**Q** 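Below you will find the structure I want to go over with you.
In each ligand, atom 1 is the first atom listed, and ligand 1 is the first ligand listed. What you are looking at is a predicted structure, and each value in this text was computed from that prediction instead of being measured.
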Amino acid sequence: MAETAEQPNGTSAGSADNEYFATNPKPATLDHQSPIARAFINQHASQNRKVALVTSGGTSVPLENQTVRFIDNFSAGTRGATSAEYFLENGYAVIFLHRQFSLLPYSRHFSHSTNCFLDFMTHDEAGAVVVEDEFQQQMARVLDRYKKAKRENALLILPFVTVNEYLWMLRELAMLMQPLGSNGLFYLAAAVSDFFVPAARMVEHKIQSSEDFYEAETNGEDAKPPAAHMEGKSLVIDLDPVPKFLKQLVDAWAPQSMIISFKLETDPKLLAKKARYALEKYSHHLVIGNMLNTRKWEVVFVSAAGGESWIRVPAERRTKSAMGKDLMESAQSQEPAVEIESLIVPEVAKMHVEMIERAKSRSR
Ligand code: PAZ
């Protein structure tokens with residue numbers, strides 16, 4: 001559900017935004033998370049440090065208030081968690097707004113199902129649990145970077161689950177980041193649902209699939225039926241479009257920050273075209289386009305200043321067995337030898353410095 005329907009009946013993003021937050025409940029965790037984020041941002045603002053908000057993972061769309069069933073967006077959180085590490089290496093403080101239980105910076109190296117941390121451990125002669133000799137160096141490198149980020153309080157990890165939580169958090173963090181001015185950067189790698197169940201059309205209880213138990217929940221005679229309901233033996237799901245928040249982010253919530261969005265496609269013919277379309281529509285700084293099957297090997301940068309340029313894992317750094325194979329074929333079965341985020345993030349950081357310089361010279 002990465003693509004979004006247009007706003008119905010020509011409503012502007014601004015009014016849709018106000019309507020959205022007036023009618024969809026503030027998450028219970030926001031009041032707790034907001035002061036933590038404020039303190040983190042203020043610390044780095046006072047040190048004149050650049051702060052990147054990295055969003056990561058998919059957003060879920062619950063079908064019931066007491067949620068048993070939900071619709072989800074594809075994303076493991078690899079792009080976001082990996083990029084967060086490279087932003088930290090490039091001197092940024094990072095707010096990592098991620099889907100709960102998706103991959104995290106640093107621990108991602110040892111948490112994937114094929115990378116279970118227990119496989120890195122053994123017992124020494126005295127019976128103590130230690131890291132296997134062959135993994136010592138690799139683990140020490142990750143550990144050092146993780147400890148440095150902690151020592152400097154440079155990484156703030158905040159979770160979301162639903163698209164509603166994501167949107168409230170994004171707005172809150174954007175407002176809190178305003179004092180950073182052009183030192184703020186938004187790197188929106190999360191796969192955000194384009195459709196959702198509005199609070200007013202959400203049923204309370206688990207939708208019963210058996211006609212013997214199903215009782216339609218209604219909100220009064222004139223109201224539209226619940227977004228998810230049974231019609232005979234079929235479950236009918238009728239979702240509303242999520243308002244276009246990128247416009248609000250660019251124009252109102254974070255007008256001085258650098259804003260980078262991602263575009264995921266499966267049809268290669270559409271990728272650059274859709275990325276350009278998004279750039280023109282929202283007038284932000286950069287769209288990074290990627291294809292589902294090749295996203296770890298190549299991405300396309302689309303920006304007003306730089307046009308269209310591809311970043312690719314160099315051919316000699318594709319895995320050995322991938323050499324000589326078609327990119328798509330190798331992408332389905334291999335991991336690249338170099339993380340493409342190690343090429344993406346320095347490029348983004350360079351563009352950000354140029355943007356900051358331009359902002360400074362304008363204000364002189
Ligand atoms: O999390 P992951 O590494 O599995 O996938 C990353 C991604 C493809 C979700 C991301 O690069 C992306 O394109 N996000 C935006 C998706 C969209 O809404 O178009």
**Q** Would you kindly specify which portion of Ala190 sits under 4.0 Å from ligand 1, judged on non-hydrogen atoms: side chain, backbone, both or neither?
**A** backbone
**Q** How about Lys274 and Glu265: do any of their side-chain heavy atoms sit closer than 4.5 Å?
**A**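 Contact flag for Lys274/Glu265 side chains = yes.
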**Q** Could you list which atoms of ligand 1 come closer than 4.0 Å to a heavy atom of Ser75?
**A**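 So the answer, numbered in order with elements, is 1 (O), 2 (P), 4 (O), 9 (C).
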**Q** Does ligand 1 come near enough to Arg295 that some N or O of the ligand is less than 3.5 Å from an N or O of the residue?
**A**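 Indeed, backbone or side chain, Arg295 has an N or O that close.
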**Q** Could you tell me whether the side chain of Leu176 reaches within less than 4.5 Å of the side chain of Ser34, counting heavy atoms only?
**A** yes
**Q** N/O to N/O below 3.5 Å, does that happen between Gly77 and ligand 1?
**A**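 Indeed, backbone or side chain, Gly77 has an N or O that close.
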**Q** Show me which atoms of ligand 1 lie under 4.0 Å from any heavy atom of Thr78.
**A** 1 (O), 2 (P), 3 (O)
**Q** For the residue pair Phe301 and Ile344, establish whether any side-chain heavy-atom pair is separated by less than 4.5 Å.
**A**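 The answer is yes, as the side chains (C-beta and beyond) meet within the 4.5 Å cut-off.
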**Q** Which part of Asn290 is near ligand 1, with near meaning a heavy atom under 4.0 Å away: side chain, backbone, both or neither?
**A** side chain
**Q** Just to be sure I read this right, does ligand 1 sit under 4.0 Å from the backbone of Lys263, its side chain, both, or neither, counting only heavy atoms?
**A** backbone
**Q** Between Arg79 and Phe262, is NZ or CZ placed under 6.0 angstrom from the six-membered ring centre and within 45° of the ring axis?
**A**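 No, a cation-pi geometry is absent between Arg79 and Phe262.
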**Q** Does Thr67 reach the side chain of Val161, with side-chain heavy atoms less than 4.5 Å apart?
**A**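 Not in contact.
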**Q** Take atom CZ of Phe74 as the centre, draw a 6.0 Å sphere, and report whether it contains more than 12 heavy atoms from other residues, nucleotides or ligands.
**A** yes
**Q** With only distance considered, is Phe74 within less than 3.5 Å of ligand 1 through an N or O on each side?
**A** no
**Q** Do Asn290 and Lys263 have side-chain heavy atoms sitting under 4.5 Å apart?
**A**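 No, every pair of side-chain atoms sits at 4.5 Å or beyond.
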**Q** Which atoms of ligand 1 sit under 4.0 Å from any heavy atom of Ala76?
**A** 1 (O), 2 (P), 4 (O)
**Q** Would you tell me whether Ser261 and Tyr282 have side-chain atoms, one donor and one acceptor, within less than 3.5 Å of each other?
**A** no
**Q** Enumerate the atoms of ligand 1 whose separation from the nearest heavy atom of Ala189 is less than 4.0 angstrom.
**A** 9 (C), 10 (C), 12 (C), 14 (N), 15 (C)
**Q** Can a non-hydrogen atom of Ser261 be found less than 4.0 Å from any atom of ligand 1?
**A** no
